[in-house]
Amino acid sequence: MATVVNEKATTAREKPPSKPLPAPNSDFYEFAESLPAEELAIVKKVRAYMETKVQPIINKYWIEDSFPFELLPSFKELGIAGLGIKGYGCPGGSPLLVGLVAMNIARTDTSMATFWGVQTGLAMGSINLNGTEEQKQKWLPQMARLEKVGCFGLTEPLVGSGTGAGLLTTAKRDGDSWILNGQKRWIGNAPWCDLSIIWARDVADNQVRGFIVENKTTPGFSVEKMQGKIALKVVQNGQITLDDCRVPEANRLSGGKGSFRDTALVLRGTRHGSGWEITGTQMGAYENALKYAQERLQFGKPIGSFQLVQELLAKMLGNIVACQCMLARSVQLEVEGKLTDAQAAIVKAFCTSKARETVSWAREMMGGNGILVDYNVARHFADAEAIYSYEGTYQMQTLIVGKAITGFSAFV
Ligand SMILES: Cc1cc2nc3c(=O)[nH]c(=O)nc-3n(C[C@H](O)[C@H](O)[C@H](O)COP(=O)(O)OP(=O)(O)OC[C@H]3O[C@@H](n4cnc5c(N)ncnc54)[C@H](O)[C@@H]3O)c2cc1C
């Protein structure tokens with residue numbers, strides 16, 4: 001008799017749900033809703049573009065280690081290159097909009113978010129923050145139309161975390177021009193783009209200066225595509241060699257302080273931006289994992305009905321919401337002009353470390369299919385590793401925070 005009761009109870013539990021299951025939604029606290037209507041419309045447009053145009057083809061490009069040039073014409077039409085920059089043919093927009101766009105690009109693909117971030121934040125941002133009026137007029141409108149694509153060359157083969165302490169690439173003034181010598185490594189977009197922002201040490205006074213170098217027409221400039229990456233495979237990274245590369249004085253970024261402070265100013269904004277990107281990466285991994293959990297059956301039931309699986313999902317969502325809340329407050333500080341280097345650094349350190357947990361829980365939850373690119377979690381899982389290290393590693397961000405809170409520098 002007892003067996004019959006149990007069987008009945010089991011049958012009842014296994015009945016297909018009578019109402020539709022909730023659609024995965026990683027914007028659990030409805031951040032996008034806090035935007036004004038016209039900015040919300042931009043986020044929705046970007047999100048729809050990523051889901052309909054990028055998602056169907058991006059795994060193929062990721063596997064092939066190549067950039068989807070076929071997307072460039074439609075990407076241009078989104079009108080988001082230079083988002084956040086006012087004037088000079090750029091679309092403007094609030095810092096919250098810029099963050100939510102980065103997040104929603106990365107929700108589908110972190111490489112595309114990086115491509116866009118290098119163009120908008122690093123290359124255009126360097127010109128906007130440190131260029132002269134003439135340089136802004138000349139370069140920013142073309143870059144906003146994506147007629148010219150840029151890259152940002154700071155890291156070198158022998159100098160990564162220590163760029164502030166001593167770049168090996170040199171700049172020597174020679175009449176109306178500068179001669180650049182050295183190498184840059186890991187430079188995103190470099191193998192195919194049009195111009196490079198190169199940071200080099202002036203041999204006259206050891207100060208770091210930025211230069212706009214036109215890749216395709218400057219003698220002495222060459223670039224080789226880096227091979228064998230296991231993360232952000234869609235972004236093409238290059239090793240640049242500058243061999244007596246002559247750049248006119250008109251291409252020196254001379255609107256800033258003429259020191260590493262100029263570089264640091266650009267990075268403050270983009271580090272914060274990489275917090276948005278990595279949060280989007282977590283959102284993509286979580287939503288794909290949740291959808292899988294609703295559909296995948298084991299022991300005759302959706303795995304999403306198991307308590308241990310629900311715990312993984314709740315932990316993922318908790319990480320995502322924590323990152324979103326931190327980003328939302330840091331954007332307020334940015335708008336008020338109060339965001340410090342340490343505040344930007346803790347965002348990057350926290351969000352990237354939480355992301356490593358989130359993507360690995362998503363991968364784990366999907367069993368073997370978690371390591372197959374087709375299931376749309378493996379790509380996010382691998383890509384998170386690159387963001388953890390680029391634009392300043394976790395350790396570098398932590399040391400910036402440590403110095404600010406203790407008053408002691410532990411860099412060396
Ligand atoms: C996919 C990708 C894209 C990139 N794109 C660009 C780009 O477009 N432009 C660009 O200029 N650069 C780019 N980078 C470079 C990136 O910014 C560097 O990789 C990063 O700054 C770390 O430098 P590194 O790799 O030389 O590591 P290293 O500096 O050699 O560090 C190795 C390890 O030592 C640790 N470490 C170093 N010093 C200390 C210390 N004092 N205390 C404690 N730990 C320490 C680091 O945290 C790290 O774990 C990119 C990198 C990647 C992976």
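Whatever order the structure lists ligands and atoms in, that order sets their numbers, starting from 1.
Under the 4.5 Å side-chain criterion, counting only non-hydrogen atoms from C-beta, Gln294 is not in contact with Pro302. When side chains are defined from C-beta on, Met103 does not count as touching Glu277, because their heavy atoms never get closer than 4.5 Å.
What sits closest to atom 21 (O) of ligand 1 on the protein, heavy atoms only, is Gly392 N, 4.0 Å. The nearest protein atom to atom 15 (C) of ligand 1, hydrogens excluded, is given as Thr155 OG1, 3.2 Å; this is a heavy-atom distance. The single protein non-hydrogen atom nearest to atom 3 (C) of ligand 1 is Asn237 ND2, 3.3 Å, given as residue, atom name and distance. With hydrogens left out, the protein atom closest to atom 51 (C) of ligand 1 is Tyr390 CB, 3.6 Å, a heavy atom. Residue, atom and distance of the protein heavy atom nearest to atom 41 (N) of ligand 1 are Phe411 O, 2.9 Å. Looking at atom 46 (C) of ligand 1, its nearest protein heavy atom turns out to be Thr393 OG1, 3.6 Å. Among protein heavy atoms, the minimum distance from atom 7 (C) of ligand 1 is reached at Trp186 O, 3.4 Å.
In this structure, atom 28 (P) of ligand 1 has protein heavy atoms in its sub-4.0 angstrom surroundings. Within the 4.0 angstrom cut-off, atom 35 (C) of ligand 1 has no protein heavy-atom neighbours. Contact annotation for atom 38 (N) of ligand 1: protein present (non-hydrogen atoms, distance under 4.0 Å).
Residue Phe152 has at least one nitrogen or oxygen atom sitting less than 3.5 Å from a nitrogen or oxygen atom of ligand 1, judged on distance alone. Looking at Ser161 next to ligand 1, an N or O pair under 3.5 Å apart turns up. Looking at Gln395 next to ligand 1, an N or O pair under 3.5 Å apart turns up.
Ligand-side atoms of ligand 1 in range of Ile187: 7 (C), 8 (O), 9 (N), 10 (C), 11 (O), range being under 4.0 angstrom from any heavy atom. Of all atoms in ligand 1, listed by their number and element, those nearer than 4.0 Å to a heavy atom of Gly188 are 7 (C), 8 (O). Within the listing of ligand 1, atoms 37 (C), 38 (N), 39 (C), 40 (C), 41 (N), 45 (C) sit less than 4.0 angstrom from a heavy atom of Met396. With ligand atoms numbered from 1 in the order given, ligand 1 contributes 23 (O), 24 (P), 26 (O), 29 (O) to contacts under 4.0 Å with heavy atoms of Gly160. Applying the 4.0 Å criterion to heavy atoms of Glu391 picks out, from ligand 1, the atoms 17 (O).
Taking a 4.0 Å cut-off on heavy atoms, Leu399 registers as neighbouring ligand 1. The shortest heavy-atom distance from Ser389 to ligand 1 is under 4.0 Å.
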Carefully, step by step, assess Gln239 and Gln183 under the rule side chain to side chain contact (heavy atoms under 4.5 Å, CB included). CA-CA 7 Å; Gln239 173 143 323; Gln183 285 194 312; 3.5 Å; yes

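Considering CD1 of Ile58 and CG of Leu71, their distance stands at 6.5 Å, rounded to 0.5 Å. Once rounded to the nearest 0.5 Å, the distance linking OG of Ser26 with CG of Asn319 reads 13.0 Å. How far CG of Asn215 is from CD1 of Ile187: 11.0 Å, rounded to the nearest 0.5 Å.
Just one of Arg201, Gln207, Arg209 meets the side chain to side chain donor-acceptor pair (under 3.5 Å) condition when paired with Asp205; it is Arg209. Across Asn251, Thr170, Asp202, Val213, a single residue satisfies side-chain contact (heavy atoms from CB on, under 4.5 Å) together with Trp178, and that is Asp202.
Within a 6.0 Å sphere centred on NZ of Lys315, other residues, nucleotides and ligands contribute more than 12 heavy atoms.
In this structure, Arg356 pairs ionically with Glu385, as a charged nitrogen and a carboxylate oxygen lie closer than 4.0 Å. Asp341 and Arg261 are joined by a salt bridge, as a carboxylate oxygen and a charged side-chain nitrogen come within less than 4.0 angstrom of each other.
In Leu122, neither the side chain nor the backbone holds a heavy atom less than 4.0 Å from any atom of ligand 1. With a heavy-atom cut-off of 4.0 Å, Tyr394 does not touch ligand 1 at all.
Between Phe306 and Phe299, the ring-plane angle classifies as perpendicular under the 30° and 60° cut-offs. Using a 30° and 60° split on the angle between ring planes, His272 and Trp276 fall in the perpendicular class, above 60°.
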